[in-house]
Amino acid sequence: MKTSAVQYTLRGVPKAVDRALRRKSRQEGKSLNTVAVETLAEGLRVGGETLRYDDLQSLVGSWVEDPKFDAAVQAQDTVDPDLWR
């Protein structure tokens, strides 16, 4: 990405956006500024490219333990003797 002389100061960035940008910055080992500029460019589809994601990268590390879900999955592993005949 080319560096230009144009600079912005952004105010009122929602906390969720800040957290997401900082997390992406850490994960990719890039500066917050670089990630913010790349994200803006992607969101605006600069250059006319259509974004297509074919992976599950956005889900990595997002698993949250849920005992109710685990119980529901475990219940599916139970064989009903009356139905198995």
Side-chain angles (χ1 to χ4, degrees):
M1 184 167 292
K2 286 187 174 183
T3 303
S4 68
V6 178
Q7 294 185 18
Y8 289 97
T9 299
L10 299 174
R11 291 178 205 70
V13 177
K15 289 182 180 186
V17 172
D18 177 58
R19 285 191 301 266
L21 286 171
R22 290 179 187 277
R23 181 176 50 248
K24 186 173 181 178
S25 172
R26 281 190 309 273
Q27 289 173 344
E28 296 183 5
K30 297 179 181 178
S31 72
L32 180 60
N33 186 76
T34 298
V35 168
V37 171
E38 288 175 354
T39 303
L40 281 170
E42 289 172 9
L44 294 170
R45 293 184 171 92
V46 174
E49 303 93 20
T50 301
L51 296 179
R52 181 171 176 238
Y53 297 102
D54 58 1
D55 61 25
L56 301 174
Q57 184 63 35
S58 64
L59 300 176
V60 171
S62 65
W63 183 262
V64 177
E65 291 295 328
D66 184 351
K68 290 181 182 179
F69 174 81
D70 294 337
V73 170
Q74 186 176 7
Q76 292 178 15
D77 291 337
T78 304
V79 176
D80 185 338
D82 293 333
L83 295 175
W84 189 244
R85 291 184 209 184

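Excluded from the calculations below are hydrogen atoms, water molecules and symmetry mates; all remaining heavy atoms, backbone and side chain alike, are included. Throughout, numbering of the chain's residues begins at 1 and tracks the sequence. Predicted model, so just to flag it, every value in this text is computed and none were measured.
Residues Asp70 and Glu65 meet the side-chain proximity criterion, which asks for heavy atoms closer than 4.5 Å.
Rounding to the nearest 0.5 Å places CZ of Arg23 at 12.5 Å from CG of Leu32.
A salt bridge is defined here as a Lys NZ or Arg NE, NH1 or NH2 lying under 4.0 Å from an Asp or Glu carboxylate O, and Glu38 with Lys30 meets this definition.
Under the 4.5 Å side-chain heavy-atom criterion for ILVMFWY residues, no single connected hydrophobic cluster contains both Leu40 and Val13. Cluster membership for Trp63 and Val73, using ILVMFWY side-chain heavy atoms within less than 4.5 angstrom, is shared.
The two residues Leu21 and Thr39 have their closest heavy-atom pair at CD2-OG1, 3.8 Å. Considering all non-hydrogen atoms of both residues, Ser25 and Ser31 come closest at OG-C, 3.6 Å.
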